There are 2 protein chains.
Amino acid sequence: MGHVLTIGEFAQMTHLSVRTLRRYHEAGLLEPAHVDPSSGYRYYGAAQIPTAQVIFKLRELDVPLADVRQILITQDPVVRAALVAEHLERLEDRMARTRAAVASLQRLLRPEPAGLAVELRQVPAQLVAGVEDTVAHPDVLGWYAGAMAELDAAVREPAGPAGGLYDNALFSEGRGHVLAHVPITAPVPGVGRVRSTELPGAELAVAVHTGTHDTIDVTYGELGRWVADHTLAVAGPVRETYLVGPRDTPVAARWRTEIGWPVFRVAGAA
Amino acid sequence: MGHVLTIGEFAQMTHLSVRTLRRYHEAGLLEPAHVDPSSGYRYYGAAQIPTAQVIFKLRELDVPLADVRQILITQDPVVRAALVAEHLERLEDRMARTRAAVASLQRLLRPEPAGLAVELRQVPAQLVAGVEDTVAHPDVLGWYAGAMAELDAAVREPAGPAGGLYDNALFSEGRGHVLAHVPITAPVPGVGRVRSTELPGAELAVAVHTGTHDTIDVTYGELGRWVADHTLAVAGPVRETYLVGPRDTPVAARWRTEIGWPVFRVAGAA
DNA sequence: TGTGCACCCTCCCGCGGGGGGAGGGTCAAC
DNA sequence: GTTGACCCTCCCCCCGCGGGAGGGTGCACA
């Protein structure tokens with residue numbers, strides 16, 4: 001039962017190239033129904049067309065061959081669906097990052113380079129209620145939301161807007177130490193992950209970013225440039241303070257985020 | 001003016017890796033402000049941060065390095081914006097294809113393989129008013145819309161739903177001969193690209209696809225499988241007939257497209 | 001039964017954009 | 001002056017695919 005197709009015919013029906021089919025065979029992704037042992041000719045069955053199509057679609061979604069293989073050899077449709085869903089999720093936030101990149105790009109390429117207002121400010125130590133952790137870059141947003149929920153529950157009367165401390169390793173290595181915090185006037189009892197700590201005093205280069213966080217890296221870039229231009233160097237984790245955020249207004253364009261970059265004066269002046 | 005940064009410092013500020021910066025230098029993408037001739041050390045200026053950020057963003061959008069270079073060396077902001085816009089457009093329809101792939105994938109992975117109803121039908125020759133052309137795969141949709149506009153203007157009383165003939169080369173080579181047509185009872189005068197021709201009679205394997213064209217390839221696959229299973233081979237361009245299309249209802253789920261695949265009986269039976 | 005020709009095979013190399021690591025020079029703080 | 005962090009170049013590997021060389025097969029037609 002089922003007609004036998006040569007690799008060329010099969011290629012034409014599936015819109016895959018002959019080379020690619022051979023590669024898939026080699027990779028154990030799509031075994032031909034029959035391989036002539038003397039000639040080495042590959043023969044495919046019509047029943048393999050849907051499989052080839054699934055592979056094609058998954059490749060179109062940039063799913064690596066190894067993962068495609070994993071999906072194909074999974075019999076249980078539930079497990080299989082889960083594997084696919086995982087990739088779709090990944091794809092989802094790749095698209096989100098793409099949108100963010102487009103936004104930043106448009107801001108970066110505006111004719112006027114905008115001249116960010118940067119202020120050098122000496123800040124004193126500050127008592128805060130905080131939640132600390134070590135997280136991977138892509139998870140930061142979700143992590144912060146969870147941490148803030150706990151802080152909200154633990155702190156009755158915050159002494160100012162919430163903020164975050166982000167270790168540089170988070171950006172350079174993609175994983176780093178982070179601290180979500182709310183300023184307080186007196187220590188609060190530790191509940192869950194919440195602890196009272198002190199934010200050390202420091203000299204900060206401070207700038208304010210307005211709008212979505214999608215383009216915040218542009219502001220970071222301008223701040224970085226300012227810091228370098230003033231012969232300063234970075235001395236510790238970045239501090240963000242959410243002056244106006246999603247809890248204040250749903251209109252992203254009105255959000256205001258203060259970025260504070262701890263700096264110290266560098267020896268060799270220009 | 002402007003602080004000088006080592007490659008490591010610069011890498012940290014731009015979130016690019018040291019290796020990548022070296023590669024960009026080599027590729028003439030981002031020349032360091034200064035290269036020590038004796039040590040070969042690269043030194044960057046703070047003024048180069050925005051440039052690095054633009055590169056980073058463009059790379060995030062999968063713009064090839066050569067094109068990034070082209071964008072960077074373009075002074076005129078208008079021309080530059082056009083270059084970027086071109087890539088954004090490309091990105092746009094990449095995302096569209098991604099969405100289509102997701103849709104097909106979900107249909108393909110449904111537990112029940114759906115058992116498409118296929119009918120073998122002998123169709124007689126049919127007089128049509130048609131517009132012919134040779135087009136590339138991605139342009140087919142736009143081309144068809146244009147052709148249909150001309151046909152609508154030229155044909156008062158079509159004798160049935162409109163259709164299309166698509167050469168197999170369109171799928172295998174990505175470019176091929178196509179014909180948009182409307183059945184007629186008597187020849188119409190040639191206006192613009194419109195000509196009266198005859199669609200030759202043929203034996204067709206016919207199936208009906210319901211819904212968006214996003215998942216039509218799945219139906220094609222099932223039809224292809226049926227054809228192979230019945231020891232038939234493809235004998236010419238595919239025919240599509242738009243029984244219910246966008247001009248009938250905006251609800252894509254109600255569209256019905258008849259697919260007719262000309263076939264002939266193949267010698268070696270199973 | 002040959003012969004032609006389209007098809008198939010394997011094997012090696014190229015691409016683009018990046019990472020890992022070897023082996024060695026340089027710079028600055030102590 | 002030593003030490004250790006940084007920088008250099010060079011080569012190889014990754015993925016998924018395509019090109020081409022060089023050679024074997026299958027089938028239709030004479």
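All values reported here derive from a predicted model rather than from experimental measurement.
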Atom pair distance, as rounded to whole Å: CD in B:Glu26 and C1' in C:dG17: 12 Å
Any N/O donor-acceptor pair, B:Tyr41 side-chain to C:dG25 base, under 3.5 Å: yes
Interatomic distance, B:Leu5 CG vs D:dC6 C1' [rounded to whole Å]: 15 Å
Position toward the 5' end of DNA chain D (nearest nucleotide), A:Tyr43 or A:Tyr24: A:Tyr24
Presence of donor-acceptor pair under 3.5 Å, side chain of B:Arg19 and base of C:dG21: yes
A:Arg42 side chain near C:dC8 phosphate (N/O to OP1/OP2, under 4.0 Å): no
Sugar-phosphate only, base, or nothing, as touched by B:Arg23 at under 4.0 Å among non-hydrogen atoms: base
Touch class at under 4.0 angstrom, heavy-atom based, for B:Arg59 against every strand present: sugar-phosphate
Value in whole Å for how far the P atom of D:dG26 lies from CG of A:Asp36: 6 Å
Value in whole Å for how far the P atom of C:dC9 lies from CZ of A:Phe10: 13 Å
Over 12 non-hydrogen atoms of neighbours within 6.0 angstrom of CD in B:Gln122: yes
Rounded distance in Å - CZ (B:Arg22) to C1' (C:dG20): 12 Å
Of the listed nucleotides D:dG26, C:dG17, D:dT9, the one nearest the side chain of B:Pro64: C:dG17
Phosphate OP1/OP2 of D:dG26: any A:Thr6 side-chain N/O under 4.0 Å: no
Spacing of A:Ile55 atom CD1 and A:Glu60 atom CD [to the nearest 0.5 Å]: 13.5 Å
Toward the 5' end of DNA chain C, by each residue's nearest nucleotide, B:Ala66 or B:Ser38: B:Ala66
Geometric class of the B:His213/B:His209 ring pair [parallel <30°, tilted 30-60°, perpendicular >60°]: perpendicular
Nearest-0.5 Å distance that lies between atom CG in A:Leu61 and atom CG in A:Leu88: 6.5 Å
Listed nucleotide nearest any side-chain atom of A:Ser39, set C:dC9, D:dG18, D:dT25: D:dT25
Residue of the set A:Gln53, A:Lys57, A:His15 for which side chain to side chain donor-acceptor pair (under 3.5 Å) holds with B:Asp217: A:Lys57
Upstream residue (5' side of DNA chain D) when A:Thr20 and B:Glu9 are each assigned their closest nucleotide: B:Glu9
Gap between atoms CD1 and C1', on A:Ile7 and D:dG26 respectively (whole Å): 15 Å
Atom-to-atom span, CG of B:Leu30 to P of C:dG18 - whole angstrom: 13 Å
Interatomic distance where CG belongs to A:Leu58 and P belongs to D:dC17 [whole Å]: 12 Å
